[in-house]
Amino acid sequence: MSKIADNIVRFRESVEPQATLVAVSKTKPISDLQEAYDAGQRHLGENKIQEMTEKWETLPKDIHWHMIGHTQRNKVKYMAPYVHLIHSVDSPRLAKEINKQAQKNDRVINCLLQVFIADEESKYGFDEDELMAYLNSDAFKNLKNINIHGLMGMATFTDDKDQVRAEFKSLMAMFDKIKSEQLLDPRHEFDELSMGMTGDYEIALEEGSTMVRIGSAIFGSRD
Ligand SMILES: *Cc1c(COP(=O)(O)O)cnc(C)c1O
């Protein structure tokens, strides 16, 4: 078995059935993605729309494409016909554009709202107050072509495991609150919590992740 195939099998054994493995293939060549596919992997994650679209055009059509990166609104139209799940919906304006492009394609697009949980300047997302206000707004309630499947968050890049755990716990608490207070119309399935990457997926799983996004531990480090 190839190294990539071997890694795919190993990771799926350790995260399933609790979580879905999203293999993050950004910057990697088509041949690497094909190896993952041949090992049975059907969920691939990318962080650039143009790159993802080129790969989508080339590879088998039963791959579920996950957009995990910060997204420019003017490019949403390129992925709207095929994207499986957008993890990185980080503003009301982006949600509105996704809804518009979903409508044009006569589909409902699955989305996660990205929440800012890290102690860093560089991470995108809603904070808790913004998130709650947004979910209660008419601007949100009027969007009929998106299905909010849950939340996504990235922990601080640190060796402090307690801090990472506390950040994941805070995301889980928001997820539970939204679910238990039934803040969303039932057409939103709200059943996924996307948290955990190569460095912190084990903690994320312990804190209730249902989707881990693993790149370098599967495909090797990126340039
Ligand atoms: C690149 C990336 C990942 C994967 O990172 P690794 O550390 O290589 O596993 C996960 N999530 C997001 C949002 C990313 O941009």
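Bear in mind the structure is a predicted one, so any value in this text is a computation, not a measurement. When a ligand or atom number is given, it counts from 1 through the structure's own listing order.
Residues Phe175 and Gly150 come closest through the heavy atom pair CE1-CA, 4.2 Å. Annotation for Leu184 and Phe190: closest pair CD1-CD1, 3.3 Å, computed over non-hydrogen atoms. Nearest heavy-atom pair across Trp65 and Glu46 is CZ3-CG, 4.0 Å.
In summary, the atoms of ligand 1 found under 4.0 Å from a heavy atom of Ser216, numbered by their order in the structure, are 6 (P), 7 (O), 8 (O), 9 (O). Listed by number with element, the atoms of ligand 1 under 4.0 angstrom from any heavy atom of Gly215 are 4 (C), 6 (P), 8 (O), 9 (O). Listed by number with element, the atoms of ligand 1 under 4.0 Å from a non-hydrogen atom of Lys26 are 1 (C), 2 (C), 3 (C), 14 (C), 15 (O). Residue contact check: Ile214 has heavy atoms under 4.0 Å from atoms 9 (O) of ligand 1.
The protein heavy atom nearest to atom 6 (P) of ligand 1 is Thr198 OG1, 3.4 Å. Among all protein heavy atoms, the one lying closest to atom 12 (C) of ligand 1 is Ile68 CD1, 3.5 Å. Protein heavy atom in closest approach to atom 11 (N) of ligand 1: Arg213 NE, 2.9 Å. Shortest contact from atom 5 (O) of ligand 1 to any protein heavy atom: Met197 CE, 3.5 Å.
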**Report entry** Criterion side-chain hydrogen bond (donor to acceptor under 3.5 Å, both in side chains) on Asp38 and Gln34, from CA distance to verdict
**Finding:** CA-CA 6 Å; Asp38 292 341; Gln34 184 71 50; 3.0 Å; yes
Query raised in the report: How far apart are the C-alpha atoms of Lys61 and Tyr82, what are their side-chain angles, what is the distance that settles it, and do they pass the side-chain contact (heavy atoms from CB on, under 4.5 Å) test?
Result: CA-CA 9 Å; Lys61 290 296 174 286; Tyr82 70 88; over 6 Å; no
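For the pair Arg213 and His66, the minimum side-chain heavy-atom distance is 4.5 Å or more.
Note on Met154 and Leu21: separate hydrophobic clusters, where clusters join Ile, Leu, Val, Met, Phe, Trp and Tyr whose side-chain heavy atoms are under 4.5 Å apart, directly or indirectly. No single ILVMFWY cluster, assembled from side-chain heavy atoms under 4.5 Å apart, contains both Leu59 and Leu85.
The shortest N/O to N/O separation between Met154 and ligand 1 does not fall below 3.5 Å. Among the atoms of Asn47, none of the N or O lies under 3.5 angstrom from an N or O of ligand 1.
Put simply, part of Arg222 is less than 4.0 Å from ligand 1, judged by heavy atoms.
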